[in-house]
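See below for the structure under consideration.
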Amino acid sequence: MVMNLILLGLPGAGKGTQADKIVKDYAVVHISTGDIFRANLAQNTDLGKEARSYMDSGNLVPDKITNAMVADRLLAADVKEHGFMLDGYPRNEEQARFLDGFLDERGQKVSATFYFKVSDDILRQRLLGRGRADDTPAVIDKRLQVNKAANLPLVDYYQAEGVLHTIDGNGDVDSIYQNVKKVLDSLS
Ligand code: AMP
């Protein structure tokens, strides 16, 4: 069965680590909108030129541009064959609705949305541990606050759709992954 997955989680929730493990075991196509935008910036494509000012100022790229880019990627043959795992998209309800409409038109749907839930204390510890210059406690708190405001409506959205799986992301990488695997194995 082809699986279509979405990963949700705040910065430091371990999404990237779990994404790598999922791809290895289930061969879904990992689609990170942040990575695609960064590649377009680096190559100075028309899309990169459009996205640059938003990205440089830490804002979201407008939905119209982002949705078109995602739609284009989802139409590729590898996604049709292996399914997708979206990372960093959707970032708001408009994008979630667009994605549902796009899939619906093609007789597809989201198989599972994972929300990696981690306590604020542990998120702060992990982000501070990365030691990035801009990761001061105040900046980290602000980033968590902003991301929470964006993430939580999506958690509710996918809960209402009946595809949300909340994963306790406080523990160690492998035990978290075992819980992800249980869900994925129950789907396939
Ligand atoms: P990320 O690496 O996911 O934090 O993404 C880096 C930047 O790319 C973000 O700050 C946004 O400017 C842009 N971006 C990534 N994903 C999206 C999205 N789903 N909607 C709008 N902008 C996005």
If I take atom [atom1] from residue [X] and atom [atom2] from residue [Y], how far apart are they, to the nearest 0.5 angstrom?
X: R126; Y: L10; atom1: CZ; atom2: CG; value: 11.0 Å
X: N4; Y: L99; atom1: CG; atom2: CG; value: 8.5 Å
X: R143; Y: L123; atom1: CZ; atom2: CG; value: 11.0 Å
X: H165; Y: S186; atom1: NE2; atom2: OG; value: 6.5 Å
X: N170; Y: I122; atom1: CG; atom2: CD1; value: 4.0 Å
X: T136; Y: L128; atom1: OG1; atom2: CG; value: 8.5 Å

Which atom pair, heavy atoms only, marks the closest approach of [X] to [Y]?
X: R73; Y: I36; answer: CG-CD1, 4.4 Å
X: E81; Y: V2; answer: O-CG2, 3.5 Å
X: L154; Y: P90; answer: CD1-O, 3.2 Å
X: L127; Y: P11; answer: CD1-O, 3.8 Å
X: N44; Y: R52; answer: OD1-NH2, 3.8 Å
X: K15; Y: D87; answer: NZ-OD1, 3.3 Å

Is there a path of hydrophobic side-chain contacts, each under 4.5 Å between heavy atoms, that joins [X] and [Y]?
X: I167; Y: M85; answer: yes
X: Y177; Y: F116; answer: yes
X: L60; Y: Y54; answer: no
X: I65; Y: V70; answer: yes
X: L86; Y: Y26; answer: no

- [ ] Spell out, as yes or no, whether a donor-acceptor pair under 3.5 Å connects the side chain of Q18 to the backbone of V173.
- [x] yes

Report yes if the side chains of [X] and [Y] come closer than 4.5 Å at any heavy-atom pair, otherwise no.
X: I31; Y: V79; answer: yes
X: V23; Y: H30; answer: yes
X: F84; Y: V28; answer: no
X: E50; Y: N40; answer: no
X: V139; Y: K142; answer: no
X: I22; Y: D20; answer: no
X: R38; Y: M55; answer: yes
X: D174; Y: K21; answer: yes

Paired with F114, the side chain to side chain contact (heavy atoms under 4.5 Å, CB included) test is passed by just one of N179, L184, I6, namely L184

Quick note, side chain to side chain donor-acceptor pair (under 3.5 Å) partners involving residues 98-115, not counting sequence neighbours, are D100-Y157

Does this structure show an ion pair linking D141 with R124, if we count only N-O contacts that are shorter than 4.0 Å?
yes

Worked verdict on Y89 versus N67 for side chain to side chain contact (heavy atoms under 4.5 Å, CB included) = CA-CA 9 Å; Y89 180 95; N67 287 338; 2.6 Å; yes

Side chain to side chain donor-acceptor pair (under 3.5 Å) assessment of T66 paired with D63: CA-CA 5 Å; T66 307; D63 291 341; 5.4 Å; no

Q. Between D121 and S119, does a side chain to side chain donor-acceptor pair (under 3.5 Å) hold up when you go through it step by step?
A. CA-CA 5 Å; D121 280 351; S119 75; 5.5 Å; no

Does either side chain, that of S53 or that of D56, offer a donor lying less than 3.5 Å from an acceptor on the other one? no

